[in-house]
Amino acid sequence: MSDVVERTLSVLPGLLGQHEPGAGPGGAGGPGRVSATSRLGSLIRSITALTSKHEEEKLIQQELTSLKATVSAPTTTLRLMKECMVRLIYCEMLGYESSFGYIHAIKLAQQGNLLEKRVGYLAVSLFLHENHELLLLLVNTVVKDLQSTNLVEVCMALTIVSQIFPREMIPAVLPLIEDKLQHSKEIIRRKAVQALYKFYLIAPNQVQHIHDKFRKALCDRDAGVMAASLHIYLQMIKENSSGYKDLTGSFVTILKQVVGGKLPIDFNYHSVPAPWLQIQLLRILGLLGKDDPRTSELMYDVLDESLRRAEINHNITYAILFECVQTIYTIHPKSELLEKAAKCIGKFVLSPKINLKYLGLKALTYVIQQDPKLALQHQMTIIECLDHPDPIIKRETLELLYRITNGQNVIVIVQKMLDYLKESKEEYAIINLVGKIAELAEKYAPDNEWFIQTMNAVFSVGGDVVHPDIPNNFLRLLAEGFDDGKEDDQLRMYAVQSYLALLEEEDALYPQKFFQVMSWVLGEYSSLVTDVDPEVILTKLHSLLKKTFVTSETKVWIMAAVTKIASRTSCSKTVDKLIQEFSSSLDTYMRQYAFELKHLCEDKALMKNLLPFDASCNDMVVDASLSFLDGFVAEGLGRGAAPYKPHHQRQEEKLSQEKALNFEPYGLSFASSVSSSGITGRQSPTGLSFGSDTSGNSAETGHKETNTLKLEGVCKLWGKEGYLPKKENKVGKENEPQTVSCGRLLAGQVGDPPASRSDQVASLSEEDKEKQQLASTLFIGLGSNAGVSLMGKVDTATQKFKRKSKIDETQNSEEVSDFQHSAASDFGPLLDTAPINIEDCEGKINTRLRKASMCSSDIVEDNLAFETPQSLKKSGLGVRLSDSRLSQSSLFADSNIEIFQPSPSAQCGRASKTPLVPSLPEELEELAHSEVVELCQSDALSLYLCKVWTDNSLLLTVFVSNKTTSALNAVNLAFEAAEHFQILESPTYQFPVIEAQSVGSCQKCVWMDKICTQGILSGSVNYQSEMETRLEFSITLSLLDFIRPVEMTTEDFGKLWLSLSNDVKQNIKMSSSQDSFSAALNTLQQKLKLHIVDVIGNEGILACQLLPSVPCLLHCRTHSGMLALWFRSPCSALPDGLLYQCQKVMEES
Amino acid sequence: AEEVQQQIIRETFHLVLKRDDHICNFLECGSTWAVSPPPKALHRSSCLCSLFGGSDYKLIYRHYATLYFVFCVDSSESELGILDLIQVFVETLDKCFENVCELDLIFHMDKVHHILQEVVIGGMVLETNMNEIVAQVEAQSKLEKAEGGLSAAPSRAVSAVKNINLPEIPRNINIGDINIKVPNLSQFM
């Protein structure tokens, strides 16, 4: 701090000197430049005259007290109030609480004249945060100002709206702001766009209906408005790039015009035309062109042009260049551009300007995955950056090195990282780096010794800030071992030895996590080291237990280790002493463990049995149903004890006694759940719980269940927290070939590049030589022509620690797709060299995929069993609901797919007229359904779709009609995983055979997983006719497909209404055709499938649910041609979505 | 949130200050940024805290004599772009105050805020066209004059400035004029 003051001081005289001549003669500084007479001025001056923080505090408190009195005095004029506000802002800025003034700021914004209003708004925007309750009071003012004829007022209102605005009040101002998009003044239009952007960020659903207005803003004649709209597009494209591909052309044209200098000269900055606009556009193009060759094609020209134009040597042109490079490497590659971009990166990296160097390193890091050769070109620069005084540059360099690490350079790179780690004090940097080191060490460790040493360094330097995954992973690695048992033992032994050596030092202080790791390893594996007496280890652990710096959590770990060691020794004095000591400990955990240990020591056989050696990875079978307690329970019941009721059941009963609303009528639910929830095998009145506390129920119903749960992968470990390995993610990453890909490159000619280089540089200075040497060790394995033997002995050669296959099973499907993706991109260029490996790899993917899908279908079945009873009893769609349908839909629930073979005669009849237009089977024909529409077709096949809206799901019936004259075999139908939708059971279906000129059909139940107003479910059909053919299709599903009416009484409605929290209100105009209220209600009932619960006068209440069972209630009221809608639902996105649909239908009709 | 706000400002100040002039103007954020919620000083609501991942935030600063202008941005902003945006902001200040100096900024912090509001609104870069910004600000100050304004005796102001005790000034400047804005924080939503 002191050097700060000094430095500032040294500049000050200059500053004042500057000021004097300006201000001195005739006040040339301008009138009122420093308004010293103002109270703010005097406040600031008196603060600067103080000498200590304490005095400042006192002064400000004084000031605040007087301000408080002034602002709350009724006689205070608005002008004075404005003055007070500025002083309040100043106090807040210095860090003093002045919340008493908040309400006055709002008042000032409301009542003041323009100038006062401005200060009021400013104060509000500085004082309040987005969720502040006082903001609601501002809404009215904003609405008023938006309607004002004074431009400045409108501007101010728009500014505050785009800074802070309460989310739930958006509907109040939205129409006004929409109007402003047509305003004649650019500044207003621009700010309106900005405000809409803000709304899009905080409530995307509420501005969904004005997307076409965004398009208009994009085409605005004023470049400023257009630039503002780019913010919105950047955001929307980030979320869903496929939806805006059609705009690529427009963006390219705009960029072309900007680059070509077609914009007004005003937008130039240092004679570069609208640089920020260019940057924005380049980013958008990058997002659009990603993995899309066709779209990328459109932008090659303009990117080339941008690169060419950005030649002037100025900061801002470098900014554009950097964006260009990034875009070029993001989109579908074009070699010519890549070459130019690589040259550009060179310019950055070699630049003497440190900012550019930083960006160059960033770009290199980004590019390195695609083109490791580039790092080779700049290796000397990278080496220099490693010793750069700026830690930020250093960190960026390490990040770069991390990406190019392989089995050969890992030692050097990790050493560099550890060096940095030891200097660094920043917690965040440490956490980050430690994770990377651990990952690299695990992946590329050349030998055991190094690995253990590195991990020791990680734990001791990383301290307790390391991510919990790191010690967990490490322990798991030790425990699970590798394929080679001997190797395992060696590693473990080495670990034990090194820890013993570390503990040798008296009073050595290590982080708690490190102690925990040590004690676990010693507990498990110390017996591997035969030349050390267990007594010695026990003594060490004992002395640790007595240390004050050891936390109680660590003590528990140590205690567990002691117990484990004790189980392997016959009798030990230390253990006895320890038991004695801690049996009276004040720490209850310690006492508990001491007692346990004592009792175990008395029965060695039991102890051995309980703590088998090296069994930490064996699966344990857990009887989750606690069936062994059944006898005890039965006895209790026999003695007249009340049967156990689970918590939720008790609560439910309490609720029903209070006459609260209950969605699920008991009787019906019981009946149907008996028939359909066979999977869970137990009933609860709500159908809401299964798999927990079975013992109570089993006693009740009298039949015993052997519902044992096998918890795979649960390690038996001691310790209070129970060490649970949670590392699936990590493992998934490790299995991705992407990270290994650098390693792949090393196999063959490694020696060549450094050798030839050393010849050339014989004459260089010592220092340079050192650097060269470093370079050769760092960049080893990145050889440019290592491509031939790339695929050789990849895995075994580079990755020392390979996990056992067991872990693979735990991967979920998402990772699998990731894996597949990266596999594809990685193997792509190497196709010709190693076809076998690819096949191999794909095989693995497939099996894993299958596993994943099996897994998910299991879950689905469970869900199904648990959902059906609820949804069944709700009287479904329309009016017709017969018993037969009930049973039938539950049939669907059990097996979603059936092939319907229309009876031959009927088919013939139809075929004669219009060949092969399929129709629904009879039992579905009765349900509400859509028209049969054609999805896509080829020479051989046509695909048709019919949506059937059943009570509990959307049933997609896909018909595949064979148009050829021969039967088609093995037609595969597969849906792709969609973000918003969930397909019950498996997303694929295979038709074994489809006869000539006939139709096969399959049905899939779909639910909406994430709420959206409209989404696309895509899929494909594969079939074999002469050659493998693939036909892609996509189905548009709307929110309405998943909305079902709910019948309930007015009373129930009222209760439910009160219990729901998320609400959305909106007024919409009624068109002339629906001037009557009942007409409007009818529209809603028919188009949106809402159930009208009750209508009283001009108010109506309606209810519906999103499948499977998310209710949404609607209250609507008419007044003067407007329909006021008020939605409530437990799910926040649902009202927004429904509102949008309402607006749409009301506009349409 | 007052404390957090102050803590962030303090930490930013220390982070930026200990850096030499000849090293780069970017700083990847440290721990506090990852842990503490962005207070309202950063013009953002607390509902974003959970999304505050940590590593994504950067400080970009520029050093003018005794002043540091610091912007905190997420990855959706171009680093060099922001660096020049600061330049634009400062040049605009210079135009609006006619040869700007630190004291202008302290004594007219409301005006500074208004100018900043023309450049960055709600965390988004709105206007980069300097003439346009100046025009807007001028239109508003015309209004100010029309309504009377605060202007008063300039000569006394000058003497006041002369009388300011030298050693005290830096403290004031340091606390007062580190401007923190978060363009694009909301990109996360």
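Just so we're clear, the structure is a prediction, and the values are computed from it rather than from any experiment. Throughout, protein chains are lettered first and strands after them, A, B, ... in sequence-line order, and every chain is numbered starting at 1.
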Show the numbers, then the answer: is there a side-chain contact (heavy atoms from CB on, under 4.5 Å) between Leu359(A) and Glu79(B)?
-> CA-CA 8 Å; Leu359(A) 286 177; Glu79(B) 289 92 346; 3.5 Å; yes
side-chain contact (heavy atoms from CB on, under 4.5 Å) evaluation trace for Ile187(A) with Glu118(B) | CA-CA 10 Å; Ile187(A) 177 83; Glu118(B) 293 300 320; 4.2 Å; yes
Interchain contact, Ile89(A) with chain B, by part (heavy-atom threshold 4.5 Å) = both
Which portion of Phe322(A) sits near chain B, non-hydrogen atoms under 4.5 angstrom | side chain
Nearest-0.5 Å distance that lies between atom CG in Asp84(B) and atom NE2 in His314(A) | 5.5 Å
So do the side chains of Gln280(A) and Ser78(B) get within less than 4.5 Å of each other, counting heavy atoms only?
-> no
Using non-hydrogen atoms only, which part of Lys353(A) is less than 4.5 Å away from chain B: side chain, backbone, both, or neither?
-> neither
In terms of heavy-atom proximity below 4.5 Å to chain B, should Leu43(A) be classed as side chain, backbone, both, or neither?
-> neither
Taking side chain as C-beta onward, heavy atoms only, is Leu80(B) less than 4.5 Å from Leu356(A)?
-> yes
Between Lys191(A), Lys357(A), Gln326(A), which shows the greatest number of heavy-atom pairs under 4.5 Å with chain B?
-> Lys191(A)
Honestly, the part of Leu151(A) sitting under 4.5 Å from a heavy atom of chain B is neither
Contacts of His114(B) meeting side chain to side chain contact (heavy atoms under 4.5 Å, CB included) (sequence neighbours excluded), chain-then-number -> Arg118(A), Leu122(A), Gln117(B)
Interatomic spacing from CZ in Phe107(B) to CD1 in Ile44(A) - rounded to 0.5 Å = 5.0 Å
What part of Ile316(A) lies closer than 4.5 angstrom to a heavy atom of chain B: side chain, backbone, both or neither?
-> both
Which residues share a side chain to side chain contact (heavy atoms under 4.5 Å, CB included) with Val88(B), sequence neighbours left out | Tyr269(A), Trp276(A), Thr92(B), Met130(B), Ile133(B)
